[in-house]
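Read through the structure below, which is laid out as structure tokens, and then see the notes.
Values below: all heavy atoms of this structure, side chains included; hydrogens, waters and symmetry mates excluded.
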Amino acid sequence: MLRSLIPPFFAEIRRSRAALAMPLAALALAAALPVYPARAQAPAAPAQVTDGGVYAPAPPRPAPAGAVTGDWMVRNLAGEPGTLNPLLATDVYEGMVNGGIFEGLIGQNPLTQKYERGLAESWEVSEDKLTFTFRLNKNAKWSDGKPVTAADVIFTFDRLKDPKTEAPHLQVYYIDLEKWEALDDHTVRFKASKPYFKFFDMIGGVGILPKHIYGDGDFNKHPAGRSPVGSGPYTFEKWDTGNAITIKRNPGYWDAANKPVFPDRIVLRKLVDDTVTMTQLKSGNIDLYEAILPLQWKREIDKPENDKRFHKLAYDFPAYSYMGFNLRRPQFADLKVRKALDLLIDRNKIIERVYLGYATPVSGPFYIKSGSYNHDVKPTAFDPEAAKQLLAEAGWVDTDGDGVLDKDGKPFTFSLMIIAGRQIHEQISQIVQQDLARAGIKLEIRKLEWAAALQHIDEWQFDSMLMGWALDMKSDPYQLWHSSGADKKGSSNNLGYKNAEVDKLIEEGRVEYDDAKREAMYKKIHAIISSEVPCAFLVAPKGLTAADIRWQGIETFGPRPCFDISRWFVPTDKQKHKN
């Protein structure tokens, strides 16, 4: 799962780093699906595949009926990326920009989940699934006109595997990739030391970088992180810090015939305040408001009079929210304390008051609609009396009558980090704060801007945090839950969770290609993690999005990001923006 931050349906969501390229980086790489154009191209010769066509490339997707190019898609950007380097970025905001700029070796159809051609026109997978050979399309070129060659692919994987590259969240997916070599200018072969059920996706899904742009200087601080150069159907235009990021159609895109995109520009306006964002949508200043608050949805969007103004999209979103505990903090060392805190969170109240019913309680770290989710593990029920009993057993009692539990002369108090300006964060944290206070626990709500929050998380500078995680249909829990990341700052295992049995199951699951067998392992992982309460799993939210009615060709689908705006279009007579 790729670390993924997606705008807040409830909270911010960090990205699981593993989606198929178009690194919208799935909105970026790895097992989630690409957001922007699907890769599709007729090969010069049939691709050679194994396993009865499992890896066979699908034909190009046809354009939507009546599609025409033109106009600008102006959408909200709820947070600003830290970088636009697709190997380094850890948030969905980068993917919203880079999804149309970079391409991987392969793509994936979000509706059928079939593989499509990307920079590679054909490929071979060995029967033992340890060798992967990709042949690049000789017409592929960068937006500056230079050809895409095997040297660019090798350079990208050299940087990806380099320990000095600040990408621990991504590197965990390539631990067993031991060799990558150019057989000629347009053929690259990868070899792994052991099988991994996501290797084809993960290798094929990496956004390939141009060596002649990124090859000089400090890769982690390269200026192209502010002005990316790729091979995709869009090119970077400008980044007005604090205001907007704009990408525009690539006039020289090498595969436009097979991978059409329709908006001339995609303008991502930074709009952090939800009320302001809604005002901008209703006034026509933006076309797309993703991650609408449930209360806004009820009061301002989901009305009959808006049927002629907006497309109203309500869909299942593969994610969950959680209250994570920094297990390095002494107050969270006792399992009884963590269980008590879990029991003191009223999920039904959160769903009723915050989400207005647009959410489902969850009990573990997998997508609730995937085969890996263990439905036998029920979400924790609100039970203050049981919580108080556990706290007393752990030695937390109110010895001085001040209303706050204490132990060894120290009061039970800790902080909850939330994202400043997020109404859902505010509402959830206040509910939790009130219920903990009734049980004698003092919770301090700590508000930080998104970038600052990420830095504090990566440096373990938090007691607890309100966050979320976007998931893939076929997740690999290694990134978040394997103990190898627990002592590495910047890794996704920022809670510091360690369990030898979970490690073993994760490692066994990575080499298991049989979905049913792997899902059985993951259900055990779900049960173990839930029982140890490294975090309080909260809810799976609904995605609530509104788009200006003039946009056509809109489809939603299960894998995140749940829609593909590069294939939306505006009829010529309704277009607002001209180049």
Side-chain angles (χ1 to χ4, degrees), residues 5-13 24 27 35-36 64 67 71-79 92-93 95-97 99 110 244-245 262-263 265-319 354-359 421-425 427 468 470 540-571 574-577:
L5 348 124
I6 296 179
F9 302 130
F10 49 81
E12 293 291 338
I13 302 178
L24 205 132
L27 279 136
V35 173
Y36 288 106
D71 213 338
W72 302 1
M73 163 59 73
V74 185
R75 65 184 303 186
N76 71 306
L77 186 68
V92 78
Y93 305 122
M96 292 167 70
V97 179
I245 301 174
F262 304 107
R265 277 180 171 79
I266 298 175
V267 181
L268 301 102
R269 288 186 53 197
K270 185 179 179 182
L271 294 167
V272 176
D273 184 273
D274 301 303
T275 301
V276 172
T277 308
M278 179 58 69
T279 300
Q280 292 295 301
L281 175 72
K282 295 175 73 174
S283 64
N285 290 326
I286 62 172
D287 301 306
L288 179 68
Y289 181 2
E290 187 182 1
I292 295 172
L293 298 179
L295 186 60
Q296 290 179 314
W297 182 263
K298 286 271 192 181
R299 289 182 177 178
E300 303 192 58
I301 296 298
D302 197 18
K303 297 179 178 181
E305 58 265 33
N306 282 330
D307 290 348
K308 294 183 179 181
R309 294 191 62 194
F310 304 115
H311 296 283
K312 296 180 285 188
L313 312 175
Y315 45 89
D316 291 318
F317 192 87
V354 179
Y355 292 102
L356 307 182
Y358 291 107
R422 298 292 188 257
Q423 292 184 31
I424 285 184
H425 270 209
Q427 292 171 311
K542 282 278 190 182
L544 302 174
T545 295
D548 191 287
I549 199 68
R550 78 182 196 280
W551 289 93
Q552 304 297 310
I554 294 175
E555 294 176 300
T556 60
F557 37 83
R560 60 188 170 94
C562 304
F563 49 80
D564 179 356
I565 64 173
S566 73
R567 293 174 61 84
W568 296 8
F569 67 93
V570 178
K574 296 182 179 178
Q575 293 184 6
K576 290 173 55 176
H577 303 280

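No side-chain heavy atom of M96 sits under 4.5 Å from any side-chain heavy atom of I245. Contact check for V74 versus H577: side-chain heavy atoms found under the 4.5 Å cut-off. Q552 places a side-chain heavy atom less than 4.5 Å from the side chain of P571. Between Y315 and T545 there is a side-chain heavy-atom pair separated by less than 4.5 Å.
Across all non-hydrogen atoms, the minimal contact from P263 to S566 is CD-O, 3.4 Å. What you find for I301 and N306 is that their closest heavy atoms are O-ND2, 3.2 Å. The two residues P64 and F569 make their nearest non-hydrogen contact at CB-CE2, 3.9 Å. Between G543 and F317 the shortest heavy-atom distance is N-CB, 4.0 Å. Here the shortest heavy-atom pairing between A470 and A319 reads CA-CB, 4.0 Å. Nearest heavy atoms, I424 versus P294: CD1-CD, 3.7 Å.
If you take CG on N285 and CG on N76, they are separated by 13.0 Å, rounding to the nearest 0.5 Å.
With hydrogens and angles disregarded, no donor-acceptor distance shorter than 3.5 Å links the side chain of D287 to the backbone of D548. Of the possible donor and acceptor atoms, none in the side chain of D564 sits under 3.5 Å from a partner among the backbone N and O of E555.
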Evaluate D307 against K312 for side chain to side chain contact (heavy atoms under 4.5 Å, CB included), listing each step before the verdict.
CA-CA 8 Å; D307 290 348; K312 296 180 285 188; 2.6 Å; yes
Please report the C-alpha distance between Q423 and V354 in whole Å, then the side-chain angles of each, then the deciding distance to 0.1 Å, and finally whether the side chain to side chain contact (heavy atoms under 4.5 Å, CB included) criterion is met.
CA-CA 9 Å; Q423 292 184 31; V354 179; over 6 Å; no
Audit row: F310, L281, side chain to side chain contact (heavy atoms under 4.5 Å, CB included) steps and yes/no
CA-CA 10 Å; F310 304 115; L281 175 72; 3.7 Å; yes
Show your working on side chain to side chain contact (heavy atoms under 4.5 Å, CB included) between R309 and I549 and close with a plain yes or no.
CA-CA 5 Å; R309 294 191 62 194; I549 199 68; 5.6 Å; no
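In summary, the side chains of D71 and Q575 do not present any donor paired with an acceptor at a separation below 3.5 Å, with no hydrogens or angles considered.
In this structure R269 satisfies the salt bridge (charged side-chain N to carboxylate O under 4.0 Å, His left out) test with no other residue, sequence neighbours excluded. Scanning for side chain to side chain contact (heavy atoms under 4.5 Å, CB included) contacts around A547 gives L288, H311, I554, W568, with sequence neighbours left out. Not a single salt bridge (charged side-chain N to carboxylate O under 4.0 Å, His left out) links K574 to another residue, sequence neighbours left out. Under the salt bridge (charged side-chain N to carboxylate O under 4.0 Å, His left out) criterion, D316 pairs with K369, K542, sequence neighbours left out. Qualifying ring pair (Phe, Tyr, Trp, His ring centres under 6.0 Å) partners for W551, counting only residues two or more places apart in sequence or in other chains: none. In this structure D273 satisfies the side chain to side chain donor-acceptor pair (under 3.5 Å) test with no other residue, sequence neighbours excluded. For R299, the side chain to side chain contact (heavy atoms under 4.5 Å, CB included) partners are L295, not counting sequence neighbours. By the side chain to side chain contact (heavy atoms under 4.5 Å, CB included) test, Q296 pairs with D274, M278, Y289, I292, L293, E300, sequence neighbours left out. K576 pairs by the side chain to side chain donor-acceptor pair (under 3.5 Å) definition with nothing, not counting sequence neighbours.
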